[in-house]
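Some notes on the structure that comes next.
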Amino acid sequence: MTVRVRYAPSPTGDPHVGNIRSALFNWLYARHTGGTFIVRIEDTDQARMVPGSVETILDALRWLGLDWDEGPGSDTPHGPYVQSERLDLYTEHAERLITEGKAYYCYCTPERLDAVRKERQKARQPTGYDRRCREPEGAEQAQEENPNPPVVRFKMPVEGSLTVNDFVRGEVTFDVSLLDDFVLLKSDGYPTYHLANVVDDHLMEITHVMRAEEWLPSAPRHRLLYEAFGYEMPVLVHLPLILGPDRSKLSKRHGAASVLEFRDMGYLPDALVNFLALLGWSLDETSEVFTKDELVEHFTPERIVASPAVFNIEKLDWFNGLYIRGMSDDALADALVPWLEDEEHGLPGNTLPVDRDYLASIVPLERERLKRLSEAPEMLSFFFEERLTYDASLLVPKGLDADGARGALEAALATAEGADDWSVAALEASYRALAEASGIKTGQLFGAIRVAVTGRTAAPPLFDTLSVLGRERCVSRLRAALEAL
Ligand code: GLU
């Protein structure tokens, strides 16, 4: 059997991380087995559609490198892959169930349904539909009250229990009396999720349905639908809930955002993939760091757990730092260029375009401190700025007065001008010698130089910084500092 799995998003907004976790697990399983990964757009709830969200969802998949074999626009036999382009199929299926006596037209108005719900609530009964139209007399009466097109409802068993098999949880049993005759086809001619999902999973020959646990309550309905059509049911694999660290429902409050927001915050796609893969899956008790290829190699549904996964943004930051440190100087420099050149949040215009080789020499100094690519403009700006702006009082180290600081910086300038070797080791040797000869404490001398050449009190190691900045920049910055003093 060739594995065929699908990611079936509804285009109701930006793809949330929890939702993309489903995409990732399906993709991993397809790639692990040499199967097929399908993207199907479930746009049957017209009221909840958000224009543009199909493209955003596909962009998120592309950014994460989750390529699909079949999906919107692909010219493969199981298409089209957008449900609103498949309406005839759902109508046919609903009509077939009516003909076979397994479904019926319901004419009840929304007002009546509402009244029934309220009444049942008062009587402490399950609030589902009271099945008036399931009997011909009821349907006739309802039809007289409502000239609008009917919906189609599925005839559920009235009592008993129903068991479905979930790959992760084993047998799960549902009380049928809590499940009403649910709608298959709405009065606007669109199918409900249940009908379209079952019909498409069958027609697209889906072998495994991997989706979030919140869809588990739909499983008994789906099981009966498969039986009614005489279709074989795919294997169900429900992925555990994702909670915030406080064990409440995951939300923005926990730093969870749409996938593209993570991109815009400066996370690396591979770091996010690694992080998401561990939300409900693990290889063993200890391994955490996996490249995408390693995930493909190891991913099996046997290692998916039923207990909720905890979304911890600090863990994602940790992964991101790790992946940043794992990049070569050149790769990281390339990745940083767009952030530094960004019109809104990047470096000042007069420093652009970024000198790519200079940037590659800066990267080793800042890599350790960089957690998100978006931090780069602020963190690296002093390397690029023509004139640094800082408070001149910072140039005066503790224990010295302005004259003392001026003396220290004048000596530092002379040393810079006279140096013929600008390597880290030579700089360190000559500035330590200067401190000794002049009697200024190294802490004071180095502190004043640091502020003069970086404009900051905290920066990467001083002599590496001087070396990367180059003599010309250092000399002119020391002069500017003396002027400022
Ligand atoms: N359209 C559903 C969603 O948005 C799909 C659920 C499923 O995979 O069956 O998550």
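As the structure lists them, so they are numbered: ligands from 1, and atoms in each ligand from 1. No hydrogens, no waters, no symmetry mates; every other heavy atom, side chains included, goes into these values.
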cation_pi(Arg303, Phe299) dist<6.0 Å, angle<=45: no

Arg6 to ligand 1, any heavy atom closer than 4.0 Å: yes

Atom 7 (C) of ligand 1: the protein heavy-atom neighbour that sits closest, reported with distance to 0.1 Å: Arg211 CD, 3.4 Å

Ligand 1 atoms in contact with Asn197 (distance to a heavy atom under 4.0 Å): 7 (C), 9 (O)

Criterion ring pair (Phe, Tyr, Trp, His ring centres under 6.0 Å) against Phe290, the qualifying member of Phe319, Tyr323, Trp281: Trp281

For atom 1 (N) of ligand 1, closest protein heavy-atom neighbour: Glu42 OE1, 2.6 Å

Close approach of Tyr7 to ligand 1, heavy atoms, under 4.0 angstrom: no

Heavy-atom check, side chain of Trp27 versus side chain of Asp67, under 4.5 Å: yes

Protein residue, atom and distance nearest to atom 4 (O) of ligand 1, heavy-atom basis: Ser10 OG, 3.3 Å

Atom 5 (C) of ligand 1: the protein heavy-atom neighbour that sits closest, reported with distance to 0.1 Å: Ala8 O, 3.2 Å

Presence of salt bridge, Arg372 and Asp317, under 4.0 angstrom: yes

Evaluation steps, ring pair (Phe, Tyr, Trp, His ring centres under 6.0 Å), between Phe229 and His202: CA-CA 10 Å; Phe229 289 125; His202 172 72; 8.3 Å; no

Cation-aromatic face contact Arg456/Phe382, 6.0 Å, 45 degrees: no

